[in-house]
**Q** 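Supplied in structure tokens, the structure appears directly below.
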Amino acid sequence: MPLDILTIGEALVEVMRTGVDQPLDQPGPFSGPYPSGAPFIFAVQAARLGIKTAAIGSVGADAFGDCLLQQLAADGVSRDGVHQHPDLPTGVAFVSYQADGSRSFVFSLGAGGHLATDMLEPALFDGLRCFHIMGSTLSMSAEVLKVCRGALGMALDAGALISFDPNLRPELLPPNEARLAFSDFMSAADILLPTKAELLALTGADTVQDAVADLLAQKPERLIVVTRGAEGCTVYSAEGHVDVPGYAVEEIDPTGAGDCFDAGILSELLTGKSPAEAARLANACGALAVGAKGPMSGAKSRAEVERFMAAQR
Ligand code: ATP
Ligand code: MG
């Protein structure tokens with residue numbers, strides 16, 4: 001059976017400090033491993049919304065890899081794209097949270113940073129409806145960028161919708177280099193999911209209006225959804241724009257908000273909802289993600305998301 005959504009990128013587990021303001025350069029308690037990696041958080045959220053999803057990535061042949069694989073199995077995410085690297089350990093992100101809401105990371109990418117062209121199994125692309133990719137993945141290495149370009153070509157050949165979340169990470173790739181690295185993905189995208197800062201940095205425009213006008217002139221049928229944190233998002237299309245307000249929640253852990261938002265909007269667009277309806281559910285997925293601690297614990301099932309939306313009305 002063809003997939004609804006395929007994504008690709010870094011498979012990780014997260015190991016986090018148990019309390020706030022516990023620096024990573026001192027001994028102290030951790031909890032975890034928790035299955036993580038932005039593309040995998042995205043895939044799990046899409047599957048919990050009932051969408052047939054797979055993610056291409058690598059784990060090690062070790063217990064942390066088993067931890068992520070077991071989570072994918074529990075959520076019904078296809079594991080056909082996940083490879084077990086014989087030599088590299090599973091990638092780990094060590095995270096500490098500060099009282100001001102900021103986070104610090106130590107990444108040990110291991111197998112998580114390993115993507116290879118022979119992992120682009122043609123069967124994954126056969127009849128594929130939507131291919132989603134993130135700029136943070138493209139920023140990992142020149143080799144990963146090359147493999148992702150190959151995946152983009154296969155998705156385009158399959159006639160899939162292309163979704164791109166720039167997830168600009170200047171510590172991995174400076175914006176001027178990201179602009180070049182991301183350009184094929186920006187041009188191909190039917191659905192673009194930037195923040196305002198990412199949109200301006202990647203287009204070089206001075207205003208959102210100019211950036212949007214330019215992007216729509218290149219591809220009039222596309223959607224540009226600018227996410228605005230707690231404020232929600234704005235959906236731009238050739239027909240105009242609509243502001244879709246966010247949901248008020250207490251922000252507990254921002255990890256995964258963008259990933260769950262992306263999964264929410266794509267799952268709804270694929271089931272024929274209007275862009276504004278899709279954005280409402282996506283805002284709910286993003287809000288639920290920031291309201292829970294742990295990378296995947298805020299990714300809720302369709303029933304839970306709908307209950308949350310009904311309760312907020
Ligand atoms: P990420 O760091 O995960 O990539 P981002 O900066 O790309 O996130 P945001 O605009 O911060 O994206 O968040 C994505 C979506 O998540 C928002 O459009 C909104 O729907 C929801 N969201 C984020 N933060 C909050 C919040 N504090 N309260 C409610 N909803 C939120
Ligand atoms: Mg983002």
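Order of listing sets the numbers, starting from 1, for every ligand and every atom in it.
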**Q** Could you identify the single nearest non-hydrogen protein atom to atom 5 (P) of ligand 1 and state the distance to 0.1 Å?
**A**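 Of every protein heavy atom, T195 CG2, 3.9 Å lies nearest to atom 5 (P) of ligand 1.
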**Q** Check each atom of ligand 1 against the heavy atoms of T227 and keep those under 4.0 Å away; list them by number with element.
**A**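 The list of qualifying atoms is 9 (P), 10 (O), 12 (O), 14 (C), 18 (O).
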**Q** Look only at interatomic distance and state if E198 has a nitrogen or oxygen under 3.5 Å from any nitrogen or oxygen of ligand 1.
**A**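 In fact, backbone or side chain, E198 has no N or O that close.
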**Q** I'd like to check which ligand 1 atoms, numbered from 1 as shown, lie under 4.0 Å from a non-hydrogen atom of G232.
**A**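 Counting from 1, the qualifying ligand atoms are 17 (C), 18 (O).
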**Q** Would a 4.5 Å heavy-atom cut-off, applied to side chains only, mark R222 and S237 as touching?
**A**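 They are not in contact (no side-chain heavy atoms under 4.5 Å apart), so the answer is no.
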**Q** Taking the non-hydrogen atoms of R169, is any one of them nearer than 4.0 angstrom to ligand 1?
**A**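 R169: in contact with ligand 1 (<4.0 Å).
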**Q** For V249, take its heavy atoms, then give the atoms of ligand 1 lying under 4.0 Å from any of them.
**A**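 By the 4.0 Å cutoff, the relevant atoms are 28 (N), 29 (C).
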**Q** For the rings on F94 and F30, is their centre-to-centre separation under 6.0 Å?
**A**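 F94 vs F30: aromatic centres under 6.0 Å.
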**Q** Who's closest to atom 16 (O) of ligand 1 heavy-atom-wise, of G286, C233, P194?
**A**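 That would be G286.
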**Q** Looking at ligand 1, does G246 have a heavy atom less than 4.0 Å from it?
**A**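 For ligand 1, residue contact (heavy atoms, under 4.0 Å) with G246 is absent.
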**Q** Could you check whether K293 makes a cation-pi contact with Y34, meaning its NZ or CZ is under 6.0 Å from the centre of the six-membered ring and within 45° of the ring axis?
**A**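 Judged by the rule (NZ or CZ under 6.0 Å from the ring centre, within 45° of its axis), K293 is not positioned above Y34.
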**Q** Parallel, tilted or perpendicular: which one describes the rings of H85 and H114, with boundaries at 30° and 60°?
**A**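 Correct class here is perpendicular.
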**Q** Mind checking whether G256 has an N or O less than 3.5 Å away from an N or O of ligand 1?
**A**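 Between G256 and ligand 1 (N or O atoms, distance only) the closest approach is not under 3.5 Å.
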**Q** Quick check: does N167 have an N/O/S atom under 2.8 Å of the Mg ion (ligand 2)?
**A**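 Coordinating: yes.
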**Q** Decide whether an N or O pair under 3.5 Å exists between D165 and ligand 1.
**A**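 The answer is no, given that D165 and ligand 1 share no N or O pair closer than 3.5 Å.
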**Q** Under a 4.0 Å threshold between the charged nitrogen and the carboxylate oxygen, would R302 count as salt-bridged to E268?
**A**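 R302 and E268: salt-bridged.
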